[in-house]
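Numbers here are sequence positions counted from 1.
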Amino acid sequence: MTASPSSAEGSSGLPDRPKLVLASASPRRLSLLEQIGIVPDAVVSADIDEEPRPGELPRPLAQRLARQKAEHVAAQRTDAALVLGADTVVSVGRRVLPKAEDEKTARACLKLLSGRRHKVLTAVVLRPSAGWPQGTPCERLVETSVIFHRLTDAQIDALIAQGDWQGKAGGYAIQGAAAAHIRQIGGSYSAVVGLPLFETAQLLRGQPVGKPSGGWIA
């Protein structure tokens with residue numbers, strides 16, 4: 001009986017590469033993967049409740065949501081697949097900032113972030129489907145510190161008018177107009193955008209994928 005290409009073993013004795021599924025509808029995460037030459041075979045939005053649980057702290061929240069996204073999509077796959085899930089949380093101390101869905105929320109976030117340091121926590125998780133049991137479940141959490149300079153009311157008004165705060169954790173997009181107001185960043189820029197590229201590449205490099213298909217990245 002001949003094995004399918006997705007589950008057959010290559011000449012190295014390792015399984016051939018399965019499908020890579022991005023468990024996110026975020027165009028930013030898709031664009032970041034493409035930046036390092038990775039194009040997912042499928043993009044599936046994970047329909048989960050992203051509300052923090054009572055008393056849940058920023059780090060566990062980011063990890064839980066990334067896991068749930070990856071596991072939710074992996075459970076739906078019957079083929080050989082590796083599912084990538086990620087989540088980004090913006091926090092000031094123990095306080096989790098919301099995703100800004102209206103101007104009032106975005107303005108409140110920017111006023112809170114003005115002139116102070118905050119953390120951006122991005123978790124990335126890989127979960128193999130049942131159809132690819134050789135895969136290795138793994139994950140990373142990347143913490144980045146970001147400092148805004150002290151924003152004037154006029155600068156906050158201008159950032160709100162730009163509109164790229166919509167749907168963004170903390171009410172800003174570092175790859176957008178807010179970049180003109182960020183004084184310092186310590187850590188991973190791509191993690192603040194939505195996906196830590198080095199850590200993601202390292203997780204993919206660690207998967208047991210052989211030739212001739214090879215891995216997703218050198």
Cut-off 3.5 Å, no hydrogens considered: what does the side-chain donor-acceptor table look like for residues 92-100, sequence neighbours left out?
residue, atom, partner, partner atom, Å
Lys99, NZ, Glu50, OE1, 3.2

Tell me which pairs pass salt bridge (charged side-chain N to carboxylate O under 4.0 Å, His left out) where either residue lies in residues 40-49, with sequence neighbours left out.
none
For the student: nearest non-hydrogen atoms of Val209 and Pro18, plus distance
CG2-CD, 4.3 Å
Restricting to non-hydrogen atoms, name the atom on Pro58 and the atom on Leu121 that form the minimum distance, rounded to 0.1 Å.
CB-CD1, 3.4 Å
For Ser145, give me all partners under side chain to side chain contact (heavy atoms under 4.5 Å, CB included), at least two apart in sequence or on another chain.
Arg117
Residues in side chain to side chain donor-acceptor pair (under 3.5 Å) contact with Arg64, at least two apart in sequence or another chain
Glu56, Gln68
Side chains of Ile185 and Ile174, heavy atoms from C-beta outward: is any pair under 4.5 Å?
yes
Which heavy atom in Gly170 sits nearest to a heavy atom in Cys109, and how many Å separate them?
O-CB, 3.0 Å
Is any side-chain heavy atom of Thr136 closer than 4.5 Å to one of Pro128?
no
Result of checking Thr200, Leu33, Ile36 against Ile217 for side chain to side chain contact (heavy atoms under 4.5 Å, CB included):
Ile36
For the pair His72 (side chain) and Ala46 (backbone), establish whether a donor and an acceptor sit closer than 3.5 Å, ignoring hydrogens and angles.
no
Of all heavy-atom pairs linking Cys138 and Leu203, the shortest is SG-CD2, 3.7 Å
Going by the rule side chain to side chain donor-acceptor pair (under 3.5 Å), which residues pair with Arg205 if we only count those two or more places apart in sequence or in a different chain?
Gln202
If we only count heavy atoms from C-beta on, is the Arg29 to Thr88 side-chain gap below 4.5 Å?
yes
Which value, rounded to the nearest 0.5 Å, describes the distance between Ser129 atom OG and Asp79 atom CG?
5.5 Å
Using every non-hydrogen atom in the two residues, find where Leu82 and Trp216 come nearest and quote the distance to one decimal.
CD2-CH2, 3.7 Å
Less than 4.5 Å apart, side chain to side chain, heavy atoms only: is that true for Glu143 and Arg59?
yes
Hydrophobic cluster of Val44, others only, ordered by chain and residue number, side-chain cut-off 4.5 Å:
Val21, Val73, Val83
Determine whether Asp87 and Thr122 satisfy the following criterion, side chain to side chain contact (heavy atoms under 4.5 Å, CB included), listing intermediate values before the conclusion.
CA-CA 6 Å; Asp87 193 78; Thr122 300; over 6 Å; no
Taking the side chain as every heavy atom from C-beta outward, state whether Phe148 and His118 have any pair of such atoms under 4.5 Å apart.
yes
Report yes if some heavy atom in the side chain of Leu204 is under 4.5 Å from a heavy atom in the side chain of Leu20; otherwise report no.
yes
Suppose clustering is done on Ile, Leu, Val, Met, Phe, Trp and Tyr with side-chain heavy atoms closer than 4.5 Å. Which residues sit in the same group as Phe198?
none
I would like to know whether Val146 and Ile182 meet side chain to side chain contact (heavy atoms under 4.5 Å, CB included); could you show each step before the answer?
CA-CA 7 Å; Val146 181; Ile182 291 174; 3.7 Å; yes
Which pairs pass salt bridge (charged side-chain N to carboxylate O under 4.0 Å, His left out) with one or both residues in residues 129-140, sequence neighbours excluded?
Arg67-Glu139, Arg127-Glu139
All N/O donor-acceptor pairs, side-chain side in residues 159-167, below 3.5 Å, sequence neighbours left out:
residue, atom, partner, partner atom, Å
Asp164, OD2, Ala177, N, 3.0
Trp165, NE1, Ile160, O, 2.9

Is there a path of hydrophobic side-chain contacts, each under 4.5 Å between heavy atoms of I/L/V/M/F/W/Y residues, joining Leu57 to Val120?
no
Using the side chain to side chain contact (heavy atoms under 4.5 Å, CB included) criterion, which residues pair with Ala108? Sequence neighbours excluded.
none
How would you list all residue pairs meeting salt bridge (charged side-chain N to carboxylate O under 4.0 Å, His left out) that involve residues 149-159, not counting sequence neighbours?
Arg107-Asp157
Under 3.5 Å, sequence neighbours excluded: what are the donor-acceptor pairs made by side chains of residues 186-197?
residue, atom, partner, partner atom, Å
Ser188, OG, Ser190, OG, 3.3
Ser188, OG, Ala191, N, 3.1
Ser190, OG, Leu195, O, 3.1
Ser190, OG, Leu197, N, 3.0

His181 side chain reached by Ser114 side chain, heavy atoms, under 4.5 Å
no
Whether the side chain of Lys69 engages the backbone of Ala23 through a donor-acceptor N/O pair (distance < 3.5 Å, no angle test) should be reported.
no
Can you find a pair of side-chain heavy atoms, one from Gln207 and one from Arg17, that are under 4.5 Å apart?
no
